[in-house]
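Below, each value reflects all heavy atoms present in this structure, side chains not excepted, and no hydrogens, waters or symmetry copies. Nothing fancy with the numbering, it's 1 onward along the sequence. Please read these numbers as outputs of a predicted model, since none were measured by experiment.
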Amino acid sequence: MLSDCMDHMHNEPELGNLQGNTRVGWKLNDSFIVPRSGSRYALTGGNLRISHLNKEEDVGVYQCLATNSFGTIVSREASLHIAYLENFKTQSRSPVRVREGQGVVLLCGPPPHSGELTFTWIFNEYPFFVMQDTRRFVSQKTGNLYIAMVEPSDVGNYTCVVTNTVTKSSIQGPPTPLVLRVDGVMGEYEPKIEIQLPDVIPVAKSSTVKLECFALGNPVPTISWRRVDGVAVGRKVDVNKASGVLEIPYFQQEDAGLYECVAENSKGRNSVKGKLSFYAPPHLIEEPQDAQKPIDDTLVWECKASAKPKSSYRWLKNGEPLDTMEVMNNGVLTISSLKLADIGMYQCVAENKHGRVFTNTELQVIAVAPDFSQNMLKPQTLARQGGDVLIECRPKMSPHGMISWRKGKEALRESHRYVLDNGSLRIANVTKMDVGLYTCVARNQFGVASSAGSLLVKETTIITSPAGHLDVTVGESIVLPCQVSHDPTLDLKFTWFFNEQLIHFGNHGGYFEKRSAGDIMIRNIQLRHAGKYTCAVQTKVDSVSIATDVVVRGAPDPPVDFQVTEMTDSTASLSWGSGPDNHSPVLTHNIQARTTFSLGWQGVITVPELLGGKQLTATVIDLSPWVEYEFRVLATNAIGTGEPSKPSKKARTKDMPPKVTPSRVNGGGGGRSELVITWEPVPEELQSGPGFGYVVAFRPQGAQGWMQAAVTSPDTSRYIFKNESIAPFSPFHVKVGVYNNKGEGPFGPVATIYSAEEEPSRAPGRVRARSVSASEVEATWKALPWSNNRRRILGYELRYWGERERQETASVIRTMGNRTSVVIRGLEGSRTYFISLRAYNSAGVGPHCATVNVTTKKPPPSQAPVKIIWNTSNSKVILKWDQVRALENESEVTGYKVMYTQDRHSRPNVVETNTTSLELALPVNEDYVIQIKPFSEGGEGSSSRQITIPRIAGGTFCLTRLERWASNRKIASSNPHADKLKDLPM
């Protein structure tokens, strides 16, 4: 076995104090272990190795001791137990004979062992194990098998299997036969509890405790648990009703108490009780720290531990109990008048019957002569004239001894100006006379030492800028001054604070800016910049400060507590409270409102009309009934208008009969015997209440009484009255009124609307069609009379289709009004088309005329003009080109269009000619782009490529492909515009 001494010390960081050549030893049961050559014990770097463990000799309590030049400490104790499991001593067991219905306990009788055991039982042969339920239970405390009520199926051999949880070894005991007696069946009887609970069961803090309870009985008893003190069993508690085990994990103080196991069946009830007591081994909550003390001083160390029951305390010095000369009281160690003999390692031991803990602490007692080597006086100490100064003197010495001072060679005596402060010299009301060399002298019984330093006196720093009060407006820029007079040999450090918070220049959005000397500028000042500004000036000898209060005036903050106090059908009463006016009194208030129908917030009319700065109530008038409103208020002062208040809660005006009637009352059209009436629906915000609808009134022109119909949907925009007695296209007087749940509103003005007319009864006459070009045909006809007392003609519908197309797929063109012709475009050349025409109105379409046909002209020439030759002379351009020859299926060329423009994007000028040449008079000093295209009766043909004519005089250019190379060569040597040839077409 390998055991580490350092692992058994309580506090490893404190073990680090054991420096130098550390010696380690071990004790077993308070006796030192002395490893010898050939023995079973060996020490390796503090570890104790035990070979060939022996359960008789090696079991016990071990403790490690570590010793070096500072002293000795001992580790916490460690117990060694050697786990083993011997064989069962007997090889066979007598049969157990029971009646059916009787309870039985089969004893396991585990063999000698060390280490925790677990138990299972084999029924007849492996691997058939006894399954635990409400009738059968295997105790992990005793190993016994309990059968509450025997059944015939229980007959057989039972073998106890014992397993050591440490060694993992298992041993089977001798089988126990269970035999059923034949002398009768056991009658019912009350529960008999076989597994009893101890009176008191101590349970360690944070451990898991399991309580077993099982009873024999007929019928099989049920097991339940409860706390006798009435406290409910916690959620973490696991109650296994099938096996009768109560398990409490992570045991705490509140889990302690008296628990009762109850077994009951139909014949009776029995119970047992056991008390769970909480205990906790000591746990350190306060430990003493290493100490360095001067000789003759007093040492007080306190050691505290939490435990249940409470800890007792004792102290060790170098591993041995302290003698009675020291004072120990409830964990507190006091040593008065320390001596060098008190140096050593000390340990506090806190213990109760459940454990103990150790602390490790070193005590050093110092006895030295005065020494300034580590803490000399400052070579120079600076002081402010008129102020106080402290010249520190902190020599190392033990015991403390006596300290004196001298200035130059003169000894100083304590007075109202010279005061010794724990050895240091404090001089009050310093003057220039105090400048000089000061020496501190320290002495004790071991020697004397001194250290010296100079005192320099400097002028006082004074801020010359006066403290002040600034009153500014939002958006302004201000300078806060901080000018000082000071000792010229000292450097100044300026620091600014805003409301006691350090100003970091460069942050704060760039509002704060350092100026010359100590001044600062605040640019574009805002309301949040109001407050106290402090300039602090610091030198090596003193520090002074000055404060300036800045008041920032701005537009008012939003009004508060804004609310609607009362609503009528057209008014709202409002109230609010004043927000901060930002140092400028509020002059006026302004109310705004919005609804779901408005575009944002709108101004409203109020009573009173003008709301003064002290006015905190108002009534809004001229509101629409039955509309949900939100309101807000804005305050204005001399600086400006502030942010609006929070919107009020939505509030609805009361409803009332409607006042607004529909607009654009119109109609007409529809089917035979119908009167169609249309109107513009009234918007929701003008309906004045729920249940809004329309009343449609109408009568034939000249009649006296009105017919009425109600339309209940507020979004409806038409009403159709159908009656066979209505003559076509007869005039009616119509008016539309409104109503809601509150009552009826007014009717709108009377409009004249015509009933549905009849569709046209005749077809247009004299329908003709002629081909205009290869892609266009013009159709003409004679118009029908525009109107009579039964019908009107609104226009004509023309249908056309190709010779290889069906009439159902015809294209449709509709004209409006009394037109008598139309041009059909986008047709194919040399193709026959059929045309049909009919009139239409609001009732429908009339009969078709007889179908006519027309054939489009041949297509225009597809070839573009080529071999274009041009020359210029002054402002004239002469163009020539080859005649375009039409193909057999194309129409003959009847002329040419010459188009010219100064650039490629502007609208061109067009000149027509029926020859193959043209002379153009063009302004000089301009470039021109020219195109030529042929035309025929079939339309315009293909255009030539664009020709760019540069701004030059003279020269003849042929643009044929064969001549282009030669022309370029001739021109390139003499013409300065030869580079323009790249624009000529090929």
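- Taking the side chain as every heavy atom from C-beta outward, K339 and D296 approach each other to under 4.5 Å.
- W315 places a side-chain heavy atom less than 4.5 Å from the side chain of P288.
- I343 and N318 get closest at one heavy-atom pair: O-ND2, 4.5 Å.
- The closest donor-acceptor contact from the side chain of S311 to the backbone of A350 lies at 3.5 Å or more, if one exists at all.
- Ionic pairing of D434 and R417 is present here: one or more N-O contacts between side-chain nitrogen and carboxylate oxygen are shorter than 4.0 angstrom.
- Taking NZ of K317 as the start and CG of D342 as the end, the distance is 5.5 Å to the nearest 0.5 Å.
- A donor-acceptor pair is defined here as one N or O able to donate and one able to accept, closer than 3.5 Å; no such pair exists between the side chain of D557 and the backbone of P580.
- The aromatic rings of F498 and Y533 lie parallel to each other, with less than 30° between the two planes, well short of the 60° mark.
- Closest approach of L616 to S578, counting heavy atoms only: CD2-OG, 3.4 Å.
- Formation of a donor-acceptor pair under 3.5 Å by the S454 side chain with backbone atoms of L437 is not found in this model.
- Between F497 and A536, the closest heavy-atom pair is CE1-CB, 3.9 Å.
- Q63 places a side-chain N or O within donor-acceptor distance of the main-chain N or O of S75, the cut-off being under 3.5 Å.
- Side-chain contact between I463 and V484 is present, with at least one heavy-atom pair separated by less than 4.5 Å.
- In this structure, T461 contributes its side chain and H486 its backbone to no donor-acceptor pair below 3.5 Å.
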Check your understanding: When you look at I403 and M397, which way does the side chain to side chain contact (heavy atoms under 4.5 Å, CB included) test go after all the steps?
Key -> CA-CA 11 Å; I403 291 179; M397 59 177 172; 4.0 Å; yes

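- Of the inter-residue distances, the one linking N375 atom CG with E392 atom CD reads 8.0 Å to the nearest 0.5 angstrom.
- Between the Q347 side chain and the M345 main chain, no donor and acceptor come within less than 3.5 Å of each other.
- In this structure a side-chain-to-backbone donor-acceptor pair under 3.5 Å is present from D388 to N429.
- Checked by atom type and distance alone, the side chain of E286 never pairs as donor or acceptor with a backbone atom of L284 at under 3.5 Å.
- Ring geometry, F505 versus F512: the interplanar angle exceeds 60°, so the pair is classed perpendicular (tilted spans 30 to 60°).
- With hydrogens and angles ignored, the 3.5 Å screen pairs a side-chain donor or acceptor of S451 with a backbone N or O of L377.
- Heavy-atom minimum distance, A467 versus I546: N-CD1, 3.1 Å.
- Not a single donor-acceptor pair under 3.5 Å links the side chain of T67 to the backbone N or O of T72.
- A 4.5 Å side-chain heavy-atom check between D58 and Y41 finds at least one atom pair inside the cut-off.
- F372 is listed as a side-chain neighbour of C440, based on a closest heavy-atom distance under 4.5 Å.
- S584 and D581 form no side-chain donor-acceptor contact under 3.5 Å, judged by distance and modelled atom types alone.
- A 4.5 Å side-chain heavy-atom check between N582 and I639 finds every atom pair outside the cut-off.
- E476 CD to R553 CZ: the interatomic distance, rounded to the nearest 0.5 Å, is 10.5 Å.
- Using a 4.5 Å cut-off on side-chain heavy atoms (C-beta onward), Q380 and K540 make no contact.
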Review point. Would Q538 and T495 count as a side chain to side chain contact (heavy atoms under 4.5 Å, CB included) if you check the C-alpha gap in whole Å, the side-chain angles of each, and the deciding distance to 0.1 Å?
Key: CA-CA 8 Å; Q538 186 176 9; T495 308; 5.7 Å; no

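- Both tests do not hold together for K308 against Y279: distance to the six-membered ring centre under 6.0 Å, angle to the ring axis within 45°.
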Check your understanding: Given V474 and L527, is the side chain to side chain contact (heavy atoms under 4.5 Å, CB included) satisfied, shown in steps?
Key -> CA-CA 6 Å; V474 167; L527 289 173; 3.8 Å; yes

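- Using a 4.5 Å cut-off on side-chain heavy atoms (C-beta onward), Q445 and P399 make contact.
- The two residues G423 and C393 come nearest to each other via the heavy atoms O-CB, 3.6 Å.
- Atom CD1 of I427 and atom CG of L425 lie 4.5 Å apart (nearest 0.5 Å).
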